[in-house]
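A short write-up of the structure that comes next.
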There are 2 protein chains.
Amino acid sequence: MAEGKKVKFSYDKLNMLCMDAFQKFGFNEQKARIITDVLLTADLYGIQSHGMQRMVRYYKGIQKGTMKVDAEPEVIFETPISAVVDGHNGMGQLNGHFAMDLAIKKAKEVGVGIVTVRNSNHYGIAGYYAKMAAKENMLGFSCTNSEAIMVPTYASKAMIGSNPQAWCVPADPYDFLFDASTTVVTRGKLEMYNKLGKKLPDGWALDKDGQPTNNAGEVLSNIVGHVGGGIMPLGGNTEELGSHKGYGNGMVAEIFSSILSQGLTSDLVMKDGKAGTCHGFMAINLASFGEPEAIKKHFSEYLQALRDAPKAAGQERIYTHGEKEMAAIKDRKENGIPVIDKTMTEVYDLCQYLDLDFTKYFGDYVPPKADNMFTGNY
Amino acid sequence: MAEGKKVKFSYDKLNMLCMDAFQKFGFNEQKARIITDVLLTADLYGIQSHGMQRMVRYYKGIQKGTMKVDAEPEVIFETPISAVVDGHNGMGQLNGHFAMDLAIKKAKEVGVGIVTVRNSNHYGIAGYYAKMAAKENMLGFSCTNSEAIMVPTYASKAMIGSNPQAWCVPADPYDFLFDASTTVVTRGKLEMYNKLGKKLPDGWALDKDGQPTNNAGEVLSNIVGHVGGGIMPLGGNTEELGSHKGYGNGMVAEIFSSILSQGLTSDLVMKDGKAGTCHGFMAINLASFGEPEAIKKHFSEYLQALRDAPKAAGQERIYTHGEKEMAAIKDRKENGIPVIDKTMTEVYDLCQYLDLDFTKYFGDYVPPKADNMFTGNY
């Protein structure tokens, strides 16, 4: 589905812009590189909602004080296999990278590392961190809570975040990478339908009384106004299609993030001028279970059997998780990264604020004129 | 929904029957006690499909040779935080209990234990093992693969099992216990609809061409005949409602069971006269993250907030996971455990085979006459 007019720019150009901008925000080069890599990996994977378009939103977070530029993640509890990190309201990407890096170090030494983080911010795509572990021949797991958006089964109020879980395991020809919100869809999908004035499909969202609705605009404004309603768990809003299962999977993400860290649960995240987002990370060394290459080969054969299975009538292809991301990377490296032109207007404006030369990155490209710059609900 | 005529018997009576029967099968008292406890816990939880009605099916498995009475689980690879167990085609309950017990021991010593099992059999409810860890103030995780029944997104053939995941975390007034198949429903639900001659709800099952169907009988016979089709992942059969997410969660259970253990993947389980079922277990000591009582209190408060959240119009109650099981235990201890009378016919027949006195357990209760004893697809 279309998401508005898009323009394409090379990875290198966007990388240069992000590096310059995040350093202007006050981050040193190393930190700017981590934040940029998380964002542009999302763009390369085709997950635009979590890519460089977030930059302006982060800028606003820093301006408002919900994101602290000078925060350093601090290990406040630790054992050889585990750690609790206080993110001190720093950038989610920096806290996430620090925590998964620590989990991987532990997994190298003792076979597994489990790290939980509190007082953080939006950390981008959960899959980025899970993938960090897979690059080291480990099973990687990452999850986060977020501002409440999921309405538990039989409730009328959002109490749980979109609470994605990402799992990544090394395989050939591409890693298994399963990264998904535990809601049926993300808030970004609703925003897209709203922009296009389209009715939501059945089974996605609830109104303020907890009743199914197809009105994207109403749901979004109810969420912002904390009036009630929100998005259904994976499995809908009744037990017939398994609502309690999506709700349960959302709780698992909550447990590894806010419960083990004793941080803010989703119902309290992003209130009172504080984010307080929590994350969870786990790295499991494949060598804890045998020869990593043998495990990888065994898994790769099963993944191939799945892709080779008989197709449903009318379908030409069965995907395994991570395959679409690999195809997206290939496309974006060859043809550039698509960016919504509205985002480019924000970027143009941001360059003015930060005293960066827009033409250095985008030449003579002229974005559409801003209508409500820095006033929308980013 | 009704499942046929039921009779109720006390826990003590059924416990006595199971203990006697499993010892007649050839298990020693200690092993009979473990198997019985897993089965009757399912009955107490209200999950009849995984309760004592399985006993006759297990008897047939032993007769056919797919379940080995004299098998002993063997640790074939081990580190301080992990182990791989070969179940040597023994009872799933015995392998499962052994493996989770080992995971808990490791978690007591080093904070976490992850154990994977291959060459096992149906192990009953996944939640039983997760709960074992919670009793020790640990987060417990358990999963299993099974005979393929889940059709991956866009496929027409079942390639993944019902692949339940169970997560249990200590809390007051009752533990969080989330135990669910990663399919939208289990095969047992289809069998129930078939027995009652009812049409399946939309969004549950696929015919042999991978197209949605409401015909339970056809789906079940296609599964038995390996003709194609099966049950949809949680999220249905298209990406609109998140089919790829249920499929991904099924894969996570597969990874912890058959992949890490290098055992049979679901597509190969229960073929060629061998079960080869695989399981995964993890115990995470809460003390690895701080004061267990503080973590438990923090979690309990969130669970209470969920239960106290505003209800959807027409709903009186929001459940947290594990609450229904606690209510079921209370009911069954007060009023007895319901058993379908058809199961009692099987039990009567089994008692004849094993030379056990049916009246010792059930007094003058007379079950309905058998029509197809020991001929059905158990």
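Residue numbering restarts at 1 for every chain, and letters A, B, ... go by the order of the sequence lines.
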Starting at CG of A:Leu139, measure out to CG of B:Leu260 and round the result to the nearest 0.5 Å.
-> 6.5 Å
Check whether more than 12 heavy atoms from other residues, nucleotides or ligands sit under 6.0 Å from atom NZ of A:Lys106, and answer yes or no.
-> yes
Contact leader toward chain A among B:Gly210, B:Gly248, B:Ser266, where contacts are heavy-atom pairs under 4.5 Å | B:Gly248
Roughly how far apart are B:Lys245 NZ and A:Phe178 CZ, rounded to 0.5 Å?
-> 8.0 Å
Would the number of heavy atoms belonging to other residues, nucleotides or ligands and lying under 6.0 Å from NZ of B:Lys208 be above 12?
-> no
With a 4.5 angstrom heavy-atom cut-off, could you sort out which part of A:Leu303 is near chain B: side chain, backbone, both or neither?
-> side chain
A:Phe176, part contacting chain B, at a heavy-atom distance under 4.5 Å | side chain
Heavy-atom contact with chain B under 4.5 Å, split by part of A:Ile284 | side chain
Residue part contacting chain B, namely of A:Thr153, when any heavy atom lies under 4.5 Å = backbone
A:Asn249 versus chain B, the contacting section by heavy-atom distance below 4.5 Å | both
Sidechain-backbone polar pair: B:His298 side chain, A:Ser261 backbone, donor-acceptor under 3.5 Å | no
Can you see which heavy atom on B:Tyr154 is nearest to which on A:Arg317, and at what distance?
-> CB-O, 3.5 Å
Give, as side chain, backbone, both or neither, the part of A:Val169 having an atom under 4.5 angstrom from any heavy atom of chain B.
-> side chain
Would you call A:Ile255 and B:Trp167 a side-chain contact if the rule is heavy atoms closer than 4.5 Å?
-> no
Contact origin within A:Ala287 toward chain B - heavy atom pairs under 4.5 Å = backbone
OG1 of B:Thr320 to OH of A:Tyr247, rounded to nearest 0.5 Å, is 5.5 Å
For A:Met159 against B:Tyr302, the heavy-atom pair lying closest together | O-OH, 2.9 Å
Relative to chain B, which segment of A:Phe77 carries a heavy atom at a distance below 4.5 Å: side chain, backbone, both, or neither?
-> side chain
Between the side chain of B:His321 and the main-chain N/O of A:His244, is any donor-acceptor distance below 3.5 Å?
-> yes
Check: B:Ser82 side chain, A:Ser288 main-chain N or O, donor-acceptor pair, under 3.5 Å | yes
From CD1 (A:Ile295) to CD1 (B:Ile259), nearest 0.5 Å = 9.5 Å
Chain A contacts, top residue of B:Ala180, B:Gly290, B:Gly235 (heavy-atom pairs, under 4.5 Å) | B:Gly290
Quick one: does A:Ile114's side chain get under 4.5 Å of B:Val112's, heavy atoms only?
-> yes
Which bit of A:Pro310 comes within less than 4.5 Å of chain B, counting heavy atoms only: side chain, backbone, both or neither?
-> both
Structural part of A:Ser181 lying under 4.5 Å from a heavy atom of chain B = both
State, with a plain yes or no, whether a side-chain heavy atom of A:Val252 is found less than 4.5 Å away from one of B:Phe141.
-> no
Checking A:Ile160 against chain B: side chain, backbone, both or neither under 4.5 Å from a heavy atom?
-> both
Examine whether an atom of B:Ala305 lies under 4.5 Å from a heavy atom of chain A, and if so say whether it belongs to the side chain, the backbone or both; otherwise answer neither.
-> both
Identify which of B:Val84, B:Thr79, B:Leu241 forms the greatest number of heavy-atom pairs closer than 4.5 Å to chain A.
-> B:Leu241
Mind checking the CZ-CD1 spacing from A:Phe289 to B:Ile81? Nearest 0.5 Å is all I need.
-> 5.5 Å
By a 4.5 Å heavy-atom criterion (distance strictly below it), what part of A:Leu306 contacts chain B: side chain, backbone, both, or neither?
-> both
Return the option, out of B:Gly203, B:Ala294, B:Gly242, B:Gly246, with the maximum number of heavy-atom pairs under 4.5 Å with chain A.
-> B:Ala294
Region of A:Glu254 in contact with chain B, defined by heavy-atom distances below 4.5 Å | side chain
Tightest non-hydrogen contact, residues A:Glu291 and B:Gln262, listed as O-NE2, 4.5 Å
Any idea which of B:Gly228, B:Gly263, B:Gly314 has the most non-hydrogen atom pairs under 4.5 angstrom with chain A?
-> B:Gly263
When only pairs under 4.5 Å are counted, which of A:Ala309, A:Pro201, A:Gly229 shares the most heavy-atom pairs with chain B?
-> A:Pro201
For A:Glu240, is it the side chain, the backbone, both, or neither that has a heavy atom closer than 4.5 Å to a heavy atom of chain B?
-> both
